[in-house]
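Every chain is numbered from 1, with letters handed out A, B, ... down the list of sequences.
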Number of protein chains: 2
Amino acid sequence: MDELDTEIIRLLQTDARRSNRELARTLGIAPSTCLERVRALTRRGVIRGYHADIDHAALNRSVQAMVSVQVRPLSRAVIESFKNSVSALPEVLSVFVLAGGDDFLLHVAVQDLDHLHGFLLDQLSQRREIAGFRTSVIFQQVRKPVLSRLPDPA
Amino acid sequence: MDELDTEIIRLLQTDARRSNRELARTLGIAPSTCLERVRALTRRGVIRGYHADIDHAALNRSVQAMVSVQVRPLSRAVIESFKNSVSALPEVLSVFVLAGGDDFLLHVAVQDLDHLHGFLLDQLSQRREIAGFRTSVIFQQVRKPVLSRLPDPA
DNA sequence: CGTGAAATCCATAAGTC
DNA sequence: GACTTATGGATTTCACG
């Protein structure tokens, strides 16, 4: 992970469809060198994939919410099973397993408030392992598509 | 947004580097037709960009946390200013503006627990507008890189 | 709006230093 | 490990149904 790798990562985060040639030109290196770097990064698992960023409205997901959940008993089996079930639901974008007051945080995106209500009642309220949950509708999100590499912990 | 567009979006979410030719072959249409569809989707803002998905460890961000924040007074000016300041911090991945008990949720990723502690003390504790905040370390995250299109609200 | 052919450009693999 | 070159294949444009 030298300076060059860091820069490659930064550029591919910004625009994953950049051609290898253009990438090489920007970095001032030969295309074959650049290609080999990208392949090495992929082989090492640094680059995990390339995804198109789609407008949520086009996916009929204009309403987003965060749902914090507590489950009981807080056992490995319950946590695993809950995590797997909810991540399979189409409404759920992300599942976070948390330390602290809440056990899970679910990021969900649905058509409208009616469907959010329906999701909470049909998919969460019914579960016996849920000790409680709290829903916060998301008014706005600022997401950073390009992450810088932080300095080494030193 | 017909069936074809939906399918194009699904495939590009899965792998943004798929060649146009391969995309067309998968869909059973001519490459030029496919290209025009993709361009139209981009022009309409449905496709917002293409981003490489990078392993957080390679970016020195092995520790992630969610920080829920309450600010006072809850005015438009304070919300805007807080949102803009925190989204400019390199540690912050996403800022959510919420309805309900908490006003903001910050998704942060840093080198280690020491840096998390430092971030909270140096960047949050000092702010006068913050009435309180609560931090939850993230043990695990399940993220869905490909979002299906939900049925129309009907 | 979808197709097919032609020109240009690109990814990839050898071979070299 | 990085560069140069050659080639097979892809992207993209354009004229046409």
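Counting any heavy atom pair closer than 4.0 Å across all strands shown, B:Arg25 reaches no nucleic acid atom.
For C:dG4, the base has a donor-acceptor partner in the side chain of B:Ser32 [N/O atoms by modelled type, under 3.5 angstrom].
Checked against D:dC14, D:dT4, D:dA2, the side chain of A:Arg37 finds its nearest nucleotide in D:dA2. Residue A:Asn20 has its side chain nearest to C:dA11 when only C:dA11, D:dC3, D:dT13 are considered. Across D:dT12, D:dC3, C:dA11, the shortest atom-to-atom separation from the side chain of A:Leu35 is found for C:dA11.
The side chain of A:Arg39 contributes no N or O atom lying less than 4.0 Å from OP1 or OP2 of D:dG1. Under 4.0 angstrom from either OP1 or OP2 of C:dT3 there lies at least one side-chain N or O belonging to B:Thr33.
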Next on the checklist: Is there a side chain to side chain contact (heavy atoms under 4.5 Å, CB included) between A:Gln111 and A:Arg61? Walk through the geometry before answering.
Outcome noted: CA-CA 5 Å; A:Gln111 296 95 322; A:Arg61 294 170 180 273; over 6 Å; no
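Salt-bridge check for A:Arg134 with A:Asp102: failed, with every basic side-chain N at 4.0 Å or more from each acidic carboxylate O.
Atom CG of A:Leu23 is separated from atom C1' of D:dA2 by 16 Å (rounded to the nearest Å). Rounding to whole angstrom units, CD of residue B:Glu36 and P of D:dC14 are separated by 13 Å. Computed from coordinates, the B:Leu4 CG to C:dC1 P distance equals 12 Å when rounded to whole Å. Atom CD of A:Glu22 and atom C1' of C:dA11 are 14 Å apart (whole Å).
Between atom CD of residue A:Gln64 and atom NE2 of residue A:His56 there is a gap of 5.5 Å, rounded to the nearest 0.5 Å.
Transitive grouping of hydrophobic side chains (ILVMFWY, heavy atoms separated by less than 4.5 Å) keeps B:Ile9 and B:Leu150 in distinct clusters.
Toward the 5′ end of DNA chain D lies the nearest nucleotide of A:Ile29, the other residue of the pair A:Ile29 and B:Pro31 mapping further downstream. Nearest-nucleotide positions on DNA chain D for A:Arg21 and A:Arg17 put A:Arg21 closer to the 5' end.
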